[in-house]
Q: 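Handing you this structure, nothing more for now.
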Amino acid sequence: MSFFGFGQTAEIDIVLNDGETRKKAEHKTEDGKKDKYFLFYDGETVSGKVNVTLKTPGKRLEHYGIKIEFVGQIDLYYDRGNHHEFVSLVKDLARPGELSQSQTFDFEFTHVEKPYESYTGQNVKLRYFLRATISRRLNDISKEMDIVVQTLCSYPELNSSIKMEVGIEDCLHIEFEYNKSKYHLRDVIVGKIYFLLVRIKIKHMEIDIIKRETTGTGPSVYHENDTIAKYEIMDGAPVKGESIPIRLFLAGYELTPTMRDINKKFSVRYYLNLVLIDEEERRYFKQQEITLWRKGDIVRRSMSQQASIAAQRFEGSNSETPCNRENFCKRLI
């Protein structure tokens with residue numbers, strides 16, 4: 001409703017030039033729901049049209065300029081009053097004046113740098129959006145349109161396997177190994193667990209994928225752990241000399257690439273957590289950080305083919321790689 005002629009007298013719509021053909025990607029919103037947004041990559045041009053439609057034809061709309069912005073922004077939920085912008089581009093569409101009829105304005109942001117991946121977490125959100133604004137004396141008219149940005153990586157040249165020897169003195173001694181330390185988001189984790197000494201009654205074993213989100217700096221650092229997946233390896237007591245295979249498909253879980261010190265505001269890291277539970281419900285665990293990355297859909301293989309290839313590479317790896325001895329963590333819950 002318009003009071004004293006100060007209400008909104010125009011509507012804004014943002015339309016991408018390639019909106020009919022551009023791919024969309026699902027992205028989680030702040031309330032936990034999923035929606036689809038136009039997908040972009042680093043360096044891609046963002047172009048389109050801003051349609052300004054007058055609500056009352058024939059009535060003039062006075063303004064102090066019309067512009068469109070491309071913004072990359074980080075919002076920390078504990079500091080909602082401040083927006084941390086790492087990308088801010090502006091295009092002026094019209095100088096101060098008046099509109100006597102509905103009008104369309106073209107815009108183009110050429111080869112826009114989009115250095116980080118879109119992300120919505122427990123305590124932080126990184127988003128990209130277009131914002132068109134009609135500046136007015138008392139109340140601006142604006143419209144925002146979010147997009148999703150994904151960062152693609154090439155296959156890591158150095159991707160060594162993880163092999164460790166851990167245990168509790170005179171009680172438990174195991175070796176575990178994973179075929180590599182860096183995985184793409186649709187990869188398969190292949191590994192083995194060897195029981196060299198078992199003197200406690202283990203009844204259950206699982207691997208958890210844990211996401212650790214870190215926000216803030218200095219004394220204000222806050223860590224949020226989220227268990228993304230629980231994968232049962234064994235149900236029952238193992239015996240000395242037993243070997244348990246691991247094959248975990250990542251494609252079925254909601255994962256993002258590893259993010260380290262994004263704009264000095266937050267990080268997202270992933271860990272494989274090996275958990276053993278004995279008959280007295282005591283939990284023994286060991287964490288190992290892994291790196292996750294996103295690759296393009298150039299080569300598509302079925303999940304069984306991926307697993308077969310990963311297993312072959314793992315079986316053919318050097319079995320004489322020396323183990324690192326570490327203390328095995330024990331926690332009573």
Side-chain angles (χ1 to χ4, degrees), residues 1-31 33-75 80-118 120 125-150:
M1 182 180 294
S2 176
F3 294 94
F4 306 105
F6 296 143
Q8 288 196 359
T9 56
E11 293 182 346
I12 302 176
D13 190 26
I14 303 172
V15 180
L16 297 179
N17 285 340
D18 56 357
E20 294 184 357
T21 58
R22 178 166 290 277
K23 183 179 178 181
K24 289 187 175 183
E26 278 194 345
H27 188 71
K28 187 171 67 173
T29 58
E30 197 172 326
D31 58 4
K33 298 179 181 179
K34 286 185 176 181
D35 207 348
K36 287 190 174 183
Y37 303 90
F38 288 111
L39 175 62
F40 283 84
Y41 300 102
D42 184 25
E44 280 194 295
T45 294
V46 182
S47 64
K49 295 177 174 57
V50 175
N51 298 322
V52 178
T53 304
L54 298 183
K55 292 183 177 180
T56 308
K59 185 176 181 180
R60 296 178 182 274
L61 173 66
E62 294 185 3
H63 63 85
Y64 291 97
I66 302 174
K67 65 181 180 180
I68 187 165
E69 302 166 87
F70 181 88
V71 181
Q73 179 177 286
I74 296 174
D75 293 328
R80 288 186 179 271
N82 295 317
H83 303 297
H84 306 278
E85 295 184 357
F86 55 89
V87 176
S88 181
L89 304 174
V90 182
K91 297 283 186 182
D92 290 323
L93 303 178
R95 294 180 178 180
E98 60 181 31
L99 295 178
S100 58
Q101 60 184 3
S102 300
Q103 195 167 341
T104 296
F105 303 92
D106 294 322
F107 69 88
E108 180 175 277
F109 296 100
T110 306
H111 305 308
V112 183
E113 181 183 5
K114 312 174 195 70
Y116 311 123
E117 175 143 340
S118 299
T120 302
K125 176 172 65 177
L126 188 153
R127 61 185 287 241
Y128 294 86
F129 60 94
L130 290 163
R131 178 169 57 212
T133 304
I134 302 174
S135 299
R136 304 186 67 199
R137 184 165 61 91
L138 293 179
N139 57 333
D140 293 344
I141 305 172
S142 65
K143 175 70 175 290
E144 293 183 358
M145 184 179 77
D146 281 78
I147 65 170
V148 165
V149 170
Q150 292 181 353

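In this text, all values refer to a predicted model and were calculated from it rather than measured experimentally.
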Q: I'd like to know whether Glu113 forms a side-chain contact (heavy atoms from CB on, under 4.5 Å) with Asp42, so could you lay out the CA-CA distance, the side-chain angles of the two residues, the decisive distance to 0.1 Å, and finally the verdict.
A: CA-CA 6 Å; Glu113 181 183 5; Asp42 184 25; 4.0 Å; yes
Q: Atom CG in Leu130, atom CZ in Phe109: separation rounded to 0.5 Å?
A: 6.5 Å
Q: When rounded to the nearest 0.5 angstrom, what is the spacing between CG in Leu126 and CD in Glu117?
A: 9.5 Å
Q: Distance-only, no hydrogens or angles: does the Thr120 side chain make a donor-acceptor pair with backbone N or O of Lys28 under 3.5 Å?
A: yes
Q: Which pair of heavy atoms, one from Ala94 and one from Phe105, lies closest together, and at what distance?
A: CB-CE2, 3.9 Å
Q: Got a sec: does the CD of Glu98 have more than 12 other heavy atoms crowding it under 6.0 Å?
A: yes
Q: Just so I know, are the side chains of Phe70 and Ile147 near enough to count as touching, which here means a heavy-atom distance under 4.5 Å?
A: yes
Q: Please assess Ile66 against Ile12 for the test side-chain contact (heavy atoms from CB on, under 4.5 Å), listing each intermediate value before the final yes or no.
A: CA-CA 11 Å; Ile66 302 174; Ile12 302 176; over 6 Å; no
Q: If we check side chain to side chain contact (heavy atoms under 4.5 Å, CB included) with Tyr37, which of these qualifies: His27, Glu26, Arg127?
A: His27
Q: List the atom of His63, the atom of Ile134, and the distance in Å for their closest heavy-atom pair.
A: CB-CG2, 3.7 Å
Q: Quick one: closest heavy-atom pair of Val15 and Phe107, and the distance?
A: O-CE2, 4.4 Å
Q: Are more than 12 heavy atoms from other residues, nucleotides or ligands located less than 6.0 Å from atom CZ of Arg22?
A: yes
Q: Given the rule in the side-chain contact (heavy atoms from CB on, under 4.5 Å) test, do Leu39 and Lys24 qualify, once you have shown the distances and angles that lead to the verdict?
A: CA-CA 5 Å; Leu39 175 62; Lys24 289 187 175 183; 5.9 Å; no
Q: Would you confirm whether Lys114, through its side chain, and Glu44, through its main-chain N or O, come within 3.5 Å as a donor-acceptor pair?
A: yes
Q: Show the numbers, then the answer: is there a side chain to side chain donor-acceptor pair (under 3.5 Å) between Asp35 and Thr29?
A: CA-CA 7 Å; Asp35 207 348; Thr29 58; over 6 Å; no
Q: Indicate the atoms forming the closest heavy-atom contact of Ala10 with Leu54, along with that distance.
A: CB-CD2, 4.1 Å
Q: Working to the nearest 0.5 angstrom, can you tell me the gap between Phe129 CZ and Met145 CE?
A: 12.0 Å
Q: Please determine, by modelled atom types, if Thr133 and Asp140 share a side-chain donor-acceptor pair under 3.5 angstrom.
A: no
Q: Please lay out, stage by stage, how Lys49 and Asp106 fare under the test salt bridge (charged side-chain N to carboxylate O under 4.0 Å, His left out).
A: CA-CA 4 Å; Lys49 295 177 174 57; Asp106 294 322; 3.8 Å; yes
Q: Nearest 0.5 angstrom please: Ile141 CD1 to Glu11 CD, how far?
A: 9.5 Å
Q: Indicate the atoms forming the closest heavy-atom contact of Thr9 with Arg136, along with that distance.
A: OG1-NH1, 4.2 Å
Q: Is Ser88 reaching over with its side chain to a backbone N or O of Val71, donor-acceptor style, under 3.5 angstrom?
A: no
Q: Ignoring hydrogens, what is the shortest heavy-atom contact between Val87 and Pro115? Give both atom names and the distance.
A: CG2-CD, 4.1 Å
Q: When rounded to the nearest 0.5 angstrom, what distance separates CD1 in Ile74 from NE2 in His83?
A: 12.5 Å
Q: Hey, could you give me the NZ/CD distance between Lys91 and Glu108, rounded to the nearest 0.5 Å?
A: 7.5 Å
Q: Can a donor-acceptor pair be found, under 3.5 Å and without considering hydrogens, that links the side chain of Ser100 to the backbone of Arg60?
A: no
Q: Would Phe40 and Tyr128 count as a ring-ring contact (aromatic ring centres under 6.0 Å, His included) here? Give the steps.
A: CA-CA 10 Å; Phe40 283 84; Tyr128 294 86; 9.5 Å; no
